[in-house]
Amino acid sequence: MQKYDHQKVEKKWQKTWDETGANKIDKDDTAKPKFYLLDMYPYPSGDGLHMGHTEAYTANDIFSRYKKATGFNVLHPTGFDSFGLPAENYAVKTGVHPKETTKTNSENFTRQLKSLGIDYDYDEMVTTSEPNYYKWTQWLFIQFFKNDLVYKKTDTVNWCDSCKTVLANEQVEGGACERCKKDVMQKPIPSWFFKITDFAQDLIDGHEKIDWPEHTRKNQINWIGKSEGAEIEFVVPRVVNDDPNEARSFIMGEKNISEKDINAVGGEIVEATKNGFLCVRFPKSSAKAFEELIVEKMEPGFWNEYLTDDEVVFIFKHKDSSVERLVLSEETDAAIVELGNKFNDDEPTDESAWAWLANNSWYAPIVPKVRVFTTRPDTLFGATYMVLSPEHELVGKLSEKIENKADVDKYVAAAAKKTDLERTVETKEKTGVELKGVKAINPANNEEVPIFIADYVLAHYGTGAIMAVPAHDERDWDFAKQFGIEIRQVIAPRLIQTTEPGAFREGEPMVFRNGVIALVKHWSEDKYIALKWKEVEWGTLLTGGIEDDETPEQTVLKEVREETGFMNAKITRDMGVVDGMFYHVPKKENRTVHGHMFYIELQDDAQEQISDEEEARHSVEWLTLDELKSFLTAPTHHHAVEVFEKGDSPYVSDGNLVNSDKFNDLDNLEAKEMITKAVGGEMKTTYKLRDWSISRQRYWGAPIPIVYDPEGNPHVVPDEHLPWLLPEDVDFMPTGEAPLAQSKELKERTEKIFGEGWTPEVDTMDTFVCSSWYYLRYPDPHNDEEFCRESRLKHWLPVDLYVGGAEHTYLHLMYARFFTKAMQKIGLLDFDEPFLKMRHQGMVLDAEGVKMSKSKGNIVNPDDMVERFGADSVRMYMMFAAPLADEILWNENGIVGVVRFLERVWRLQGNTVDEKSPDAERSLHKLIRKVGGDIEELKFNTAIAAMMSFVNEVEKSSITKEQYATFVRILAPFAPHIAEELWEAGGGEGSVHTHPWPKFDESLAKDEEVTIAVQVNGKVRGSVVVANDSDEATVLEVVQGEDKLSRWLEGEPKKVIFVPNRLINLVL
RNA sequence: GCCGAGGUGGCGGAAUUGGUAGACGCGCACGACUCAAAAUCGUGUACUGAAAGGUGUGGGGGUUCGAUUCCCCCCCUCGGCACCA
């Protein structure tokens, strides 16, 4: 017998497989069940295949070979994701055209893949940079265009100045470019977008019907970032101009109505502008007088009544002012329509009323408003300011009114220049500028609140504007502290006492009270007043009920004096309100107390005698904070101590509403919708996901099939001109301008086809567009008529199993799902999830667990490994070292284990016997079962361990030639070359890879005897060997007859637990 | 901070409806073969203890006849996201 020479064996069979077309697939063979197994196709880089590819492709190769052996027609294809920056950058450096680089590298990859024995049909590969592929990428773009799924807009987009191109949101990692790791800037650039946000909900919901790793699923859902809340409008009354009199006279001068007149009926001018607005506010009580004034002094005009509880706001608009219909609250809108229709001869509809107002009236209503998005409409009463993102359109529109325009402009400019990294990651310190001279009206309480711009508010999320509630939001809190803005608590934590005495009693009468809770500090020591109650086992802080005519401050000072006699107390800190629900034992009733918490410092020891009544209720003790914690009974009192220790901080959880007018005492969750409705807002769902910008100002990508007419309107390139070829007369040097703009050929081509003055789109598509649909091309990669013929599409798709790295969670995997959903919507597909089952392979790290990289010089080259150890050994070690999803530490000391194993398998062929041993036969059947089951679950490591055990065993006993041949068939998916060689040497027919997976016989796989663990009181004390499937009585008898166990078995067992073929547990 | 995955010998890892923890491999030790070495083969290898035994799956509690596995609290590591209102 020859020594095993992996190089010779592997070369021999790779050549044979190539020549015989061993991996050819008949895609129209529908007799067998189909299985579509997908690898993430590689980018053909100059570095060649890396170990991560090797692992994933090997895993799928094993799976593919196994599936074929069990009767499936398996589509297991590959190709090249060949458009992209590295080839272009290489071209910039060397002048070698990316086409050339791609060709060379692809050939190298193909050679490497073959050297690993991967079973692709190499004639059916897909290369995205070839016109016959990108023709269909362009065609799909056009279908999206025609179906309103793509649009162009100029927007601030992520710009990588190093790569000289736009990046999608998903291509930015922590504010840096995903490719080159340089900081990303925000820049306004015209760009084409795919409407991926239309599918945000579908992309979340779709996860319910696919089998994907949990973390990938969660990460995608988190990235989409759904949040439910409300949009609420804040009125921004325009304020008086620089020269208020001029403005006022403009509107009122000829109308014989003066500010004096207005003032006479108790009104005041809120706003009057040069461009035709007048806003007057007056108390409701004088509404009649005001109306008379208008009727008397003014010609017929129209106005908007902006109603609040106690006042009316009239807003007029001059007839010469251009007016737009504004989005108003339902009631206001209805009021205007009613008004409009009084003078409108047309059929009275909303639209006609508005139209009439706009066209005919001297005065029409208008109310400038800002919409904010919030998830906490329940806290609206606590909104003490609002913030616009620096990019918010209102900043420009208000600019005339802004008094500190220079500061504001400066801040806006600085924010625009900052990279995302600077704006977010580097510092969380809040910056901002108030828009002086303008105010917004909080619609809940009609209070004026200041407006700020600050870059902690993002232009792209929600409406780009927020209402800020510092008491209940950490960011707003920080900002308010910094700018000295009022922090108003509107949610009180709701604490229910559950411990006796005083545990809240369901069903007992409930009484509401306002009270104070005071933490009172000793005048010189670090101790605090604690009250020990005499009538009931209570330990409390100083408390008391607030009388109707008192403020909490008055109450608390009064209580200190009454209950303790201390005369000089000073309120040092107002710690807000907490709601406590408990049972008041002495009063025999449930109470909900709004406890206003104070921290009080005694100034000295001056003390007077307290009343006998107080004396009888409780005694006063001085405790440290720590002692208080075990002393206090009520959760609200613990809370007070906690708040004191923690210092000032926002309360962001749920509770009861306070300081919220008629909504007080409501559960905040219930109040969300009520408050939203009350102020005319609407419940709204928002997503973090943004539309996908696909324009790239680079050369090596699929040209966007768009041309512009002389007026600059975009038109799609008609199908007959596809593929819309990438021009070749282009200098690669990146300038920030698209390289295609230099192409004479492209320009001429466009004018020739479409006419003079027509110009081509010069941006290319993001390469992720190409990879978003490549799996749809594999069933029919050479088709020039369709992206894939329908019969094959229907037969093969969707993909049954997809294996690849986890790094594409937000990019490729999300985009591909979007493409599938979009194509289904258009009617090109009849399914909406491309990858039914998805698994990741782990990373391959060096022996020390460090990520491989060129700069560290620790890259392991698959070619070297294959040459030294053989493809079969490399494959097996990758699969054996760790579970597929885990990291592999590439340790050359470890690979010798599988090398030895294969050598032992090799030697075993010469040591077969003629007589079949029943033990070996049983082991073989168990092995068939085990390995098949493990492959189905992608547990290759344990499958290999089982094969090793089997070989260990039969080396000691014996194996027949026939059994050996069966074993070779089991080994074949893992080590295809050596298996083929051994199969041939054993006289096997044809290729081992064409033979079906061996069948196992359950009865032959069954052990005759089993070892049963013997436990006494749950501890293992020994084991016995009994016949398979013995019953409890039999096993018990054997156990009791076992000398070694007798020392543990004194007395009759009280209980026996018996698990057939597993264990027996005797409880004594 | 949030989301996710983990924590088992010297190392990679195995063990799931809760049922003998450490399969398989690496390494290591000893032995066989050899003049010697390599290769190969054999035996052993969680800790502790002379032994009987005891302890042991990040730490602490709980459920159970029995917990690596289920429940509660905490610690640590890795991956991802992060001013998302």
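Chain letters run A, B, ... following the sequence lines, proteins first and then strands; every chain starts at 1. Note that this is a predicted model, so its numbers are computed, not measured. Any value given below was found using the heavy atoms of this structure, including those in side chains, with hydrogens, waters and symmetry copies removed.
- Rounded to an integer number of Å, the gap from L813(A) CG to rG80(B) C1' is 14 Å.
- When the shell of 6.0 Å around CZ of R1062(A) is examined, it contains 12 or fewer heavy atoms from other residues, nucleotides or ligands.
- At a threshold of 4.0 Å, the pair D1007(A)-K926(A) counts as salt-bridged, since one of the basic side-chain nitrogens sits closer than that to a carboxylate oxygen.
- K837(A) places none of its side-chain heavy atoms less than 4.5 Å from the side chain of W212(A).
- Among the atoms of the strands shown, none is found under 4.0 Å from any heavy atom of P213(A).
- Atom P of rC30(B) sits at a distance of 45 Å from the matching atom of rG18(B), rounded to the whole Å.
- The side chain of R1021(A) lies closest to rG54(B), out of rC83(B), rG54(B), rC81(B).
- Using a 4.0 Å heavy-atom distance criterion, Y687(A) is classed as making no nucleic acid contact.
- Counting only Watson-Crick and G-U wobble pairs whose two key distances fall under 3.5 Å, RNA chain B forms stems of three or more stacked pairs at B:1-7 with B:75-81, B:10-12 with B:24-26, B:27-32 with B:40-45, B:46-48 with B:53-55, B:58-62 with B:70-74.
- The salt bridge (Lys or Arg N to Asp or Glu O under 4.0 Å) search around K226(A) returns none, not counting sequence neighbours.
- For D886(A) and rC11(B), the CG to C1' distance is 15 Å, given to the nearest whole Å.
- One P atom belongs to rG7(B), the other to rC41(B), and the distance between them is 33 Å to the nearest Å.
- Within a 6.0 Å radius of CD in E214(A), other residues, nucleotides and ligands contribute more than 12 heavy atoms.
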Can you tabulate the close N/O pairs, meaning under 3.5 Å, that link protein atoms to atoms of nucleotides 19-28 of chain B?
residue : atom : partner  : partner atom : Å
rG19(B) : N2   : Q1015(A) : OE1          : 3.1
rU20(B) : O4   : T1011(A) : O            : 3.4
rG25(B) : OP1  : N952(A)  : ND2          : 3.0
rC26(B) : OP1  : R900(A)  : NH1          : 2.5

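- Counting non-hydrogen atoms of other residues, nucleotides and ligands closer than 6.0 Å to NZ of K684(A) gives a total of 12 or fewer.
- Residue K930(A) is classed as having no contact, given no heavy-atom separation below 4.0 Å to the nucleic acid.
- Following rounding to the nearest Å, M838(A) (CE) and rG4(B) (P) show an atom-to-atom distance of 19 Å.
- Residue E214(A) has its side chain nearest to rG4(B) when only rA82(B), rC83(B), rG4(B) are considered.
- In summary, K851(A) and D846(A) do not engage in a salt bridge, as defined by a charged side-chain N under 4.0 Å from a carboxylate O.
- Of the inter-residue distances, the one linking N941(A) atom CG with F880(A) atom CZ reads 8.0 Å to the nearest 0.5 angstrom.
- Partners of E486(A) under the salt bridge (Lys or Arg N to Asp or Glu O under 4.0 Å) rule, at least two apart in sequence or in another chain, are R488(A).
- Comparing the same atom, P, in rC76(B) and in rA23(B) gives a spacing of 32 Å after rounding to whole Å.
- With respect to the salt-bridge test (charged N to carboxylate O, under 4.0 angstrom), the residues E955(A) and R907(A) do not qualify.
- Taken from CZ in R875(A) to CD1 in I944(A), the straight-line distance is 10.0 Å, to the nearest 0.5 Å.
- Judged by atom type and distance alone, K1054(A) does not reach the base of rC65(B) through any side-chain donor-acceptor pair under 3.5 Å.
- Residue K1019(A) places at least one side-chain N or O under 4.0 Å from the OP1 or OP2 atom of rU55(B).
- RNA chain B is contacted by both H215(A) and N1017(A); H215(A) maps to the nucleotide lying nearer its 5′ end (nearest heavy atom per residue).
- A distance of about 32 Å separates the C1' atoms of rA85(B) and rC73(B), rounded to the whole Å.
- Remark: P of rG4(B) and NE2 of H840(A) are 15 Å apart, rounded to the nearest angstrom.
- Side chain of E887(A), nearest nucleotide from rC3(B), rC78(B), rA14(B): rC78(B).
- When the P atom of rA14(B) is taken as reference, atom CZ of F940(A) falls 14 Å away, rounded to whole Å.
- Syn is the glycosidic conformation of rG9(B), whose angle stays within 90° of 0.
- R900(A) pairs by the salt bridge (Lys or Arg N to Asp or Glu O under 4.0 Å) definition with nothing, not counting sequence neighbours.
- Whole-Å rounding puts the E170(A) CD to rG80(B) P distance at 17 Å.
- Taking atom C1' on both rG49(B) and rG42(B), the two are 28 Å apart, rounded to the nearest angstrom.
- In this structure, CZ of F479(A) is placed 12 Å from C1' of rC83(B), rounded to the nearest angstrom.
- The phosphate of rA85(B) has neither OP1 nor OP2 within less than 4.0 Å of any side-chain N or O from R371(A).
- Side-chain contact between F373(A) and T685(A) is absent, with no heavy-atom pair separated by less than 4.5 Å.
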Could you run down the sub-3.5 Å N/O contacts of the protein with nucleotides 60-64 of chain B?
none

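- Of the candidates rC65(B), rC81(B), rG4(B), rC65(B) carries the atom nearest the V1067(A) side chain, counting heavy atoms from C-beta on.
- rU69(B) sits 16 Å from rU64(B) when the P atoms are compared, rounded to a whole Å.
- Rounded to the nearest Å, the gap between the P atom of rC65(B) and that of rG59(B) is 24 Å.
- Salt-bridge annotation for K481(A) and D478(A): absent, with no side-chain N of the basic residue lying under 4.0 Å from a carboxylate O of the acidic one.
- Between rU43(B) and rU48(B), the two C1' atoms lie 23 Å apart (nearest whole Å).
- Comparing atom distances between the K218(A) side chain and each of rG12(B), rG53(B), rG4(B) picks out rG4(B) as nearest.
- Summarising the geometry, the separation between NE2 on H207(A) and P on rG4(B) is reported as 14 Å, rounded to the nearest angstrom.
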